[in-house]
Number of protein chains: 2
Amino acid sequence: MNPYTYIKQAILHGEFPPKMRLTEEFLANQLHISRTPIREALKQLESEGLIVPLKRGVRVRHFTKKDIQQIYDLRTLLEGYAAAQASLHRKNKDIQDMEEANEKYKKAIDRYFQTGKTRIEDILHLNHQFHDCVIKASQNQHIYSHISKVVVLPLIFRSFYWFNEDQMRNSLDVHKIILKAIKEQDMERARVAMHEHIYHGRDQVLPHIDSIEKEYKAGKKN
Amino acid sequence: MNPYTYIKQAILHGEFPPKMRLTEEFLANQLHISRTPIREALKQLESEGLIVPLKRGVRVRHFTKKDIQQIYDLRTLLEGYAAAQASLHRKNKDIQDMEEANEKYKKAIDRYFQTGKTRIEDILHLNHQFHDCVIKASQNQHIYSHISKVVVLPLIFRSFYWFNEDQMRNSLDVHKIILKAIKEQDMERARVAMHEHIYHGRDQVLPHIDSIEKEYKAGKKN
DNA sequence: AATTGTATTTTTGTATACAAACTGATACTA
DNA sequence: TAGTATCAGTTTGTATACAAAAATACAATT
């Protein structure tokens with residue numbers, strides 16, 4: 001695995017938690033390679049906002065509640081727009097892809113709560129897959145790269161672990177509403193539905209952030 | 001000057017024009033440094049979308065007319081939102097900064113057309129300064145980094161060189177309208193005014209892109 | 001003339017070495 | 001006691017070397 005992907009995964013999987021300090025040498029040892037390729041990966045991660053440069057080394061980014069709110073505001077705006085544009089430009093293939101993504105999403109949720117044999121990460125991935133289809137259907141290549149950079153940031157907190165069955169099934173239902181609006185080319189309805197969907201996701205994440213902030217304050221300062 | 005800034009400037013100043021191929025060694029020689037720091041700068045520029053990786057080396061990004069339209073759509077969305085949020089959150093200091101930026105902008109335009117002793121880059125910079133004030137007043141730190149990455153992309157074409165006096169003075173007038181809306185905390189009016197302002201800018205840039213595309217087609221293919 | 005093979009050149013990917021910058025602890029001074 | 005000077009230990013910044021990959025040129029073959 002290349003260093004960029006390795007470090008990003010490690011952050012998103014909680015192996016390198018927020019505020020953890022990382023040095024080039026440490027990472028080089030972990031990956032059994034020299035510092036040169038590590039530095040390039042770090043430059044990229046820095047420009048994506050996942051790590052913050054220190055005088056010596058870097059640290060995994062930590063977001064305040066306010067940060068998370070603002071990031072979700074941004075995502076709401078961008079994905080709402082993408083949904084509206086998708087209504088305008090969607091091809092039959094796009095609708096098919098969205099239906100398929102939702103179908104897989106439903107099956108994964110069923111399996112998770114019936115047999116427990118699905119990893120929660122897989123469910124998250126299938127959720128994202130639907131969103132990806134919508135963004136791609138918007139036919140604006142540039143919006144895609146911006147949204148994907150916004151979307152990963154809150155994942156640092158791994159709050160999706162706290163979602164329950166109702167929340168997941170509800171999210172699937174809303175996907176269907178969004179899909180219907182896009183299919184019927186109702187731009188405004190698609191935009192609003194996506195907007196609400198993401199804000200709803202935000203409200204599920206924020207309490208988790210709250211408890212993390214309290215934890216930090218209770219423990220060592222800063 | 002650090003390699004990142006140097007290369008970025010060279011691209012934005014037209015020294016390294018769109019589609020130009022750059023190798024690490026060439027850049028290292030230009031800057032009289034080794035390849036190591038060059039590589040880091042290139043990784044960063046790549047993640048910002050200013051260059052595209054090739055099998056060997058990179059090339060300065062070239063945008064089609066469609067790209068530019070989509071980039072402006074994005075910028076319109078983001079800055080429109082920023083203007084609305086600025087109306088909500090603006091402090092007195094923000095209003096002051098905007099007024100100051102516009103004042104300087106006006107003076108620079110006057111000087112440019114009366115004495116010709118101002119560089120067009122300086123005018124562009126003062127125009128951006130007003131926009132910066134608006135975005136900062138929106139109090140959303142995350143939107144700032146996204147907008148600034150979107151804004152630079154069309155500058156690759158240096159089409160602002162083609163602006164005439166009417167266009168510049170008109171742009172100043174619109175700034176005043178936006179400022180008034182933000183001052184009076186009229187979110188929707190601020191959003192729409194900013195929206196129109198940027199779309200207007202797009203319409204001034206697109207004909208220039210058109211002529212460049214024809215040039216490319218007439219000359220060598222691809 | 002088109003195609004394949006091979007040698008040569010160009011260019012990147014990575015490791016390593018060493019100097020420079022920064023940190024933290026300890027001892028020294030007012 | 002507070003401040004600061006200094007020294008050792010980390011860690012980064014940069015240059016350099018060499019192997020690996022890709023492009024190019026050119027000859028040989030069909």
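Every pair passing salt bridge (Lys or Arg N to Asp or Glu O under 4.0 Å) that includes a residue from residues 65-76 of chain B is listed here, sequence neighbours excluded: B/Lys65-B/Asp210, B/Asp73-B/Arg202, B/Arg75-B/Glu79. The salt bridge (Lys or Arg N to Asp or Glu O under 4.0 Å) contacts involving residues 23-34 of chain B comprise B/Glu24-B/Arg35, B/Glu24-B/Arg39, where partners must be two or more places apart or lie in separate chains. Residues in residues 64-95 of chain A take part in no ring-ring contact (aromatic ring centres under 6.0 Å, His included) pair, two or more places apart or across chains.
Within the 4.5 Å cutoff, the side chain of A/Ile11 has heavy atoms near those of the A/Ile51 side chain.
A side-chain N or O of A/Tyr4 and one of A/Glu48 form a donor-acceptor pair less than 3.5 Å apart.
In 5' to 3' order, the nucleotides of DNA chain D bounding all contacts with chain A (an atom under 4.0 Å from a heavy atom) are D/dG9 to D/dT14.
Applying the side chain to side chain donor-acceptor pair (under 3.5 Å) rule to B/Thr76 yields no partners; only residues at least two apart in sequence or on another chain are considered.
Between A/Asp94 and A/Lys91, none of the side-chain N atoms (NZ, or NE/NH1/NH2) sits under 4.0 Å from a carboxylate O, so this pair counts as no salt bridge.
Looking at residues 29-57 of chain B, you'll see B/Arg35, B/Arg39, B/Arg56, B/Gly57 sit with a heavy atom under 4.0 Å from some atom of DNA chain C.
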